[in-house]
Amino acid sequence: MARRFKYIVLIMLLFLVNDAVVVAQQNKPNIIVILADDAGYADFEKYGDKEIPTPNINKLSEQGMRFTNAYVTASVCAPSRAGLLTGRYQQRFGFEHNPSNVLAPGVAMEDVGLDVKQKTIADYLKKEDYKTIAIGKWHLGTQDKYFPLHRGFDEFYGFKEGHRDFFKIQGDRADSFALYDNNHIVPEEKITYLTDMFTDRAVDFIDRNKDHPFFMYLAYNAVHTPLQAKESDLEKFGNVKDKDRRTYDAMLYAMDKGIGDVLAALKKNSIEKNTLIFFINDNGGATNNASDNGKLRGMKGSKWEGGIKVAFVMKWPNQIPAGQVYPLPVSTLDVIPTSLAAAGGATQQHNLDGVNLLPYLKNLSKTPHKDLFWRRGVAAAVRSGDWKLIRVETDPILLFNLKTDPEETANLATKYPCKVKTLLTKLSNWEKGLAKPRWYSFMGNENQIKKHRMEVVGRDSERKLP
Ligand code: CA
């Protein structure tokens with residue numbers, strides 16, 4: 001009798017464990033990372049814009065948390081994406097510059113891409129039983145070994161390069177600029193408007209995977225150049241006199257509308273509450289796309305706040321406080337640890353550089369990052385608490401207190417030599433863990449050096465130094 005009782009208890013336990021697995025499976029949140037491209041810090045209503053309606057990005061802020069000191073790991077597209085998608089400072093594996101043909105000794109053209117030894121967020125989440133998709137701009141290598149389908153993604157709908165036309169490309173184009181639907185190239189004549197096509201695929205993927213945890217990397221190439229918008233969107237901005245700015249506004253408006261469609265798809269499938277969404281811009285406003293960085297100094301390509309501080313919103317109902325602003329420094333390096341924690345996965349063994357933000361968002365007494373670092377060739381920077389130091393080759397060191405001087409107007413380096421020394425030491429200690437760049441910027445160093453000079457003041461002067 002006792003033996004039969006034990007047997008029944010054992011079977012009941014097995015059922016319970018099995019149920020727990022099913023419950024855990026259902027509770028794993030879907031995770032969506034929406035990335036904008038080259039937008040200005042102040043081009044979203046919640047970050048100060050008064051010209052472009054962004055009701056859907058607003059909704060993310062209102063239902064989630066908005067960050068006012070969020071940083072990317074690079075002020076240009078590809079290294080920023082390499083940091084975001086690996087959760088590691090991209091200089092650790094030589095991805096310091098945008099892909100180019102200016103190669104380091106011993107490096108071949110086929111080596112230009114995201115080092116295959118590095119795992120991506122999709123690799124990690126696939127291990128947690130997520131369905132994964134990358135949509136939009138890739139920019140992490142054009143060789144087959146770097147193709148998203150070989151980097152942890154079950155599906156890919158996008159293009160390999162760093163930019164392309166939003167409409168169909170007239171005349172010849174290389175395959176790397178083509179729109180890929182997994183392994184197939186979408187005929188160019190079928191391209192309507194890229195932002196809308198990416199949105200449609202995102203909605204389709206949500207519909208198909210509503211019953212299974214999924215990870216979606218939705219990397220719109222809006223609002224990167226070329227400046228191209230649909231007539232119907234341009235009409236909404238007829239009062240904007242500058243033609244480039246009018247087109248830019250219409251492009252950003254189309255992206256916001258796309259985000260609205262994604263939110264509607266989650267709602268329609270009743271998975272809105274169980275979905276963690278990040279909205280992030282990949283680097284500061286570009287010099288060539290009519291973006292608006294507001295009061296921030298500098299633009300894309302620089303270590304000024306206007307190059308590396310970005311719009312960043314997180315929404316996860318009942319898990320992340322709604323409608324609040326988070327003022328402490330966070331990084332795109334935090335996306336993987338936070339996502340893995342949400343998915344119930346372990347983060348410690350992956351050599352990640354970021355932190356799981358979730359515990360930090362509930363109280364402000366502890367900062368997620370004591371120090372954050374940047375380097376791209378001759379220009380490097382460190383932020384430690386309120387202090388930020390910029391080091392550009394042999395130029396005078398720049399030091400700012402971001403609390404009292406968020407616009408970086410007063411160089412305090414000569415006033416605080418001890419602070420300079422401490423921060424330079426932190427920076428060089430961090431650099432000891434980096435690899436040599438595997439390729440260099442085709443633009444050389446001259447612009448980088450010039451754009452970090454104190455005498456370059458004002459947006460017009462900044463725009464002349466891409
Ligand atoms: Ca970009």
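Start at 1 and go down the list; that is how both ligands and their atoms are numbered.
Vertex the Ca ion (ligand 1); arms to Asp37 atom OD1 and Asp38 atom OD1; angle 90° (nearest 10°).
One of the N, O or S atoms belonging to Asn283 lies under 3.0 Å away from the Ca ion (ligand 1). Counting backbone and side-chain atoms alike, Cys77 contributes an N/O/S atom closer than 3.0 Å to the Ca ion (ligand 1).
Pairs of residues two or more places apart, or lying in two chains, that qualify as salt bridge (Lys or Arg N to Asp or Glu O under 4.0 Å) and include a residue from residues 162-185 are Arg164-Glu188, Arg173-Asp175, Arg173-Glu188, Asp181-Arg201. The salt bridge (Lys or Arg N to Asp or Glu O under 4.0 Å) pairs that include a residue from residues 445-456 are Asp395-Arg453, where partners are two or more places apart or lie in different chains.
Here Glu51 pairs with Arg245 in a salt bridge; the nearest charged N to carboxylate O distance falls below 4.0 Å.
Here the N, O or S atom of Asp282 that is nearest to the Ca ion (ligand 1) is OD2.
Note that the CZ atom of Arg297 and the CD atom of Glu462 stand 7.0 Å from one another [nearest 0.5 Å].
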